[in-house]
2 protein chains.
Amino acid sequence: MTTKGAQRGAVTEGAEKAVRAGRPVASSARPVRAATARPTSRLRPEHARRHNRALVMQALYRAEGLSRADLAREVGLTRVTISDLVADLIAEDLVIELGLRPDSRPGKPATLLDLNRQGFSIVGLDLSNNSAFRGVLTDLDGTVKSRAEVPVRGVTGMEAVDAAYRLLDELLAGAEAPVIGIGIGSPGLVDLDGTVVQAPNLGWHDVPLQQLVSERYDLPTQVANDANMAAQGERTFGGASADTMLIRIGRGVGSGLVIGGHLVHGSGFAAGEIGHVVVGTDGGADCACGKAGCLETWLASPRLEANLAEATDDAGRTAVLREAGERLGIALGPVVGALNLGEVILAGPHDLLAGDLLEATAETLRSRTMGELHGDLSLRMTALGRDIVVLGAVVTVLTGQLGIS
Amino acid sequence: MTTKGAQRGAVTEGAEKAVRAGRPVASSARPVRAATARPTSRLRPEHARRHNRALVMQALYRAEGLSRADLAREVGLTRVTISDLVADLIAEDLVIELGLRPDSRPGKPATLLDLNRQGFSIVGLDLSNNSAFRGVLTDLDGTVKSRAEVPVRGVTGMEAVDAAYRLLDELLAGAEAPVIGIGIGSPGLVDLDGTVVQAPNLGWHDVPLQQLVSERYDLPTQVANDANMAAQGERTFGGASADTMLIRIGRGVGSGLVIGGHLVHGSGFAAGEIGHVVVGTDGGADCACGKAGCLETWLASPRLEANLAEATDDAGRTAVLREAGERLGIALGPVVGALNLGEVILAGPHDLLAGDLLEATAETLRSRTMGELHGDLSLRMTALGRDIVVLGAVVTVLTGQLGIS
DNA sequence: GTTAGTTAGTAAAGATTACTAACCAACCTC
DNA sequence: GAGGTTGGTTAGTAATCTTTACTAACTAAC
C-alpha cells in the first residue's frame, strides 16, 4: 500500500471512531445547503468513451439479443466502433455472446449479444423499516437471489451502522457471482456524498455511511434517501415515466421525485419531505412537529390504523380512507399542477392504500387540478411491493457502475 | 440553394399558409405528451470539443479578464488545449484580447481575454402582454441597446404572428452588431420544438413559431413559454439559485420552475401552469375554468384590483392583499416542501405584490412547511422588473447558441 | 548586472477515439 | 452457381486532448 492508501485508511478510522464516540465527523463541517452549481466538468476523450459504452450497455439492458449491427443502428455509432466497445465489454465479462440469431433472413447471420446478467451480483439495503434492516442480493436484472434481515428495533448510532455491516456480511458471503456494488436506502436526509446528514429514528447525524461502507468492503457504494431510492426503483423496474412522483406511506410520509428523468435533490437535500406540509385550510389533528393538519396526521399508517379502529362499520372505515385520500389529493394538487406530472405512484401498506384511498386521491386530484391544459394523470400503486427500496438501491448501483438507468 | 434548402422553404410555405388559413399544420399530428425519453445521444469528438468550448465561454462570461492560464485552471483542461480553443474563438470574433494584465507579479505577464460582449446582438421578445408585444435588442451581457413595441390588443392568429414579424423587423433593422439569435417568450403551451401548442389569448393552436421565425430571418430562434423564459432570465441575470420557482402574476397566474439548474417542462409541456389549481378547503370565488377557488380567483391582477377597489380603507386593502398572499402561500406550500425549494421569486405589478402580499406569502409558507428539515426559504420580487421575459428570452439564445447559462 | 525562480504561452509528438473505405463471411433468392 | 444482402473485421485517417519540452518575460535577491 502506498502512503495514499494508508492515509485513506486513517481517515476512515477517524470517521468510525468519531461516530462510535458520538463526536461529529469531519464532514459535518460541510454546509447542508447544496454548493452553487459548479460548472459542468470538461469532456475528455475517455469520458466520451465511457458515455458511449454506457449507451451500449443500456441498449443491451433494455433489449437482450441485439447484434453488434443492431447496436450500431440503435446507438448511432458505426459498426466498427460498436465492435470495439463490445470487445472491451466482453473482455470484462460484462457482455456475452449468445450465439447466432436463429431466424432466417438474407445476409450473414448476426451474433447476438446480451449483458452477462447472471454473471454479477448487486447488494441492495433498505434501512427505512423501524423493526429490521432488510437486504437483498440480486443479479443485474434485479431478480432477487437471496434475502436477509437484521432486527434493529430501538438500535441507534454506531450500533445501527454495525447492524448494517452484519447484514452486508451475510449477503456478501452468500454471493455466488462478483458483486459490482452496494446500494443503501436510508431514512432521513442524505447528501450527494452519501453522508446521512440526519436520520432521527436511527440517531444518525452526519454519518458518512457511503465512505464507511465503501472502505470497509472495498466496493462501490451508493447511499441515498429511501424514498428517492424507491422512485428510481419504480422508474427502472416499475415502468414509471420520466416525470413521476412516488409517495411512500409508512410510519411517516415521504416522497421521491423524478423530473425530466432526473432525481430531484432539493436545495437542502430535503426534496420529497412532504409529511409535514399542512393540508387544507380547515384545521386538523395536532402533529408531533408542533403544527396542526400536517399530511402525516391523516396518512401515516399508525394514525390511519387508529382512525380505522375507531370506525364501527364499513361505511365508517371507507370514510376514513376516503378522507385520507382526499387530503393526499389536496396536498398533491399544487405539485402535480406545477410540475405537470404524468404519473403519481403510491407505495406502502396495500390493504390501506389500494382501494378507497387511492380512488379518493385520484378523484380529488382531478377535480382540483385537471384542466384542458393538463393531460391524463395516472395514479397507481407501485408494482414492486415491499422490495421497492432495495430494488431502487440496486438501480443506483446499476446506474453508478454501469451507466444503466 | 441546394435541393435541401428548397425543400425547407417549401415546408415553411406550407406551414405559413396553413396557419393563415386556420388549418392545422403538420406538426399538430405530434402528440402533446413528451416522447418517452430517448436514450442520450452518442458522443463524438466534435461534441466534446463543443462542450469544452462552451465551458471556456461560460468561464469568460462570468468573469471577464481571465488569461488562458486562468481558464486552464478554471476549466480543468491544459493550457495547450485552452490556447487552441481560444484561438478558434478569437478567429470567430467571439473572444477578444484585452492586453496585458496590469498588476506586477513574477513571471510572464498574462494576456487577458474577454467575450466580445459588444460585438454581437441578441433579440428578445415578450408576447405575453395583452396590449402590446414588446421586444429588446441587447448585447451579450443582456444590456438593452434598444426597445420596440407593437400594439396587439385583440389581434389573434396569423395577424399576431405578423405583429411579431413587424417587431422583429424593427429590432433587427436597428442592430449595429451581428445578431446571433432570436428568443421569444410566448404565452400558452410551447413544446420543445418551439411550436405554440395552444395560446388561447392569441388564438394560436399548433403554430410552429420557431420554425416560422428562424426560416424567415435565417437566424437561430428559441421559443418557450413566457414564465419559463422569466425563470431562466432570473437565473442568469437575477442571481436565482439552481432550485427556484418564479411566479408570474398578471392577467393570469403562471410559473416557471428551475430544478437542479434545469428548466422543468412537464409531461405535457404544461409545467408551471398553477393558475387553476384549487387552493384550500374552504371554497372560493367561481373561476372561468368551471371550478371554484382557483389560485387565479385570488391573485390574477384584475381580480385583485377589483377586490382592492371594494375595500373602503387601508385596513381593508391590507386584508385583501394579505389574503391573496396567504392563498399563494397555501398553494405553494406543497410545492416548496416537495421540491425543497430554496428560493421563490415573484414577478408582476410591483405595487400589488411587493408589500403585504409578499409578506403574507412568506409567513404562510414558513408556517405551513418549514420544519427543522428545511433550510431557509428566500421569497423576493424579481430583480429584472418588466424586462424579465425579454431578458429570459435573451438567455435562451445565449444558452442555445453559445452554451452560456 | 547577474543569477535563480516563476508564470504564460507555444510547439512537437503521442495516445485515444471514432470515422470512412474496403474487405471477407455467410446467408438468401433466383 | 450468380447476384444480392447483411454482419463483422481490417486498415488507414481525422479530430481531440495530453505530455513533454521549449521560449518569453517578469520578480527577487545577491
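Chain A is the first sequence line, chain B the second, and so forth, proteins listed ahead of strands; every chain is numbered from 1.
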Value in whole Å for how far the [atom2] atom of [N] lies from [atom1] of [X]:
| X | N | atom1 | atom2 | value |
| --- | --- | --- | --- | --- |
| A:R49 | D:dT18 | CZ | P | 18 Å |
| B:D70 | C:dG9 | CG | C1' | 13 Å |
| B:L85 | D:dT16 | CG | C1' | 10 Å |
| B:L43 | D:dT16 | CG | C1' | 12 Å |
| B:L112 | C:dT7 | CG | C1' | 14 Å |
| B:K108 | C:dT7 | NZ | C1' | 9 Å |
| B:H47 | C:dC19 | NE2 | C1' | 13 Å |
| A:E97 | D:dG7 | CD | P | 15 Å |

Under 4.0 Å between any heavy atoms, over every strand shown, what does [X] touch: base, sugar-phosphate, or nothing? Just pick one.
| X | result |
| --- | --- |
| B:T78 | base |
| B:T81 | base |
| B:R73 | sugar-phosphate |

>> Both B:R68 and A:L77 contact DNA chain C. Taking the nearest nucleotide for each, which residue is further toward the 5' end?
In response: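 Mapping each residue to its closest nucleotide by heavy atoms, the 5'-most match is B:R68.
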> With a 4.5 Å limit on heavy-atom distance, are the side chains of B:V397 and B:V123 in contact?
Replying inline: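 The answer is no; the side chains never approach within 4.5 Å.
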State which of [options] makes the closest approach to the side chain of [X].
| X | options | value |
| --- | --- | --- |
| B:P109 | C:dA18, D:dA25, D:dG7 | D:dA25 |
| B:T111 | C:dG9, D:dG8, C:dT20 | C:dG9 |
| B:R42 | C:dC19, D:dG8, C:dA8 | C:dC19 |
| B:V80 | C:dA8, D:dT16, D:dT18 | D:dT18 |

Please determine whether a side-chain nitrogen of the Lys or Arg among [X] and [Y] lies less than 4.0 Å from a carboxylate oxygen of the Asp or Glu.
| X | Y | value |
| --- | --- | --- |
| B:R117 | B:D139 | no |
| B:R68 | B:E97 | yes |
| A:E92 | A:R53 | yes |

Examine [N]: is either OP1 or OP2 under 4.0 Å from a nitrogen or oxygen in the side chain of [X]? Give yes or no.
| X | N | result |
| --- | --- | --- |
| B:N52 | D:dC17 | yes |
| B:S83 | C:dA8 | no |
| A:R79 | D:dT9 | no |

> Want to settle it: does B:A48 or B:P106 sit nearer the 5' end of DNA chain D, counting the closest nucleotide to each?
Replying inline: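 Closest to the 5' end, via its nearest nucleotide, is B:A48.
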>> Return whichever of B:P45 or A:S67 has its heavy-atom-nearest nucleotide of DNA chain D closer to the 5' end.
In response: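 Going by which nucleotide is closer to the 5' end, it is A:S67.
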> With a 3.5 Å cut-off and no angle check, do the side chains of A:D70 and A:S67 form a donor-acceptor pair?
Replying inline: yes
> With no hydrogens and no angle check, do the side chains of B:T399 and B:T396 hold a donor and an acceptor under 3.5 Å apart?
Replying inline: no
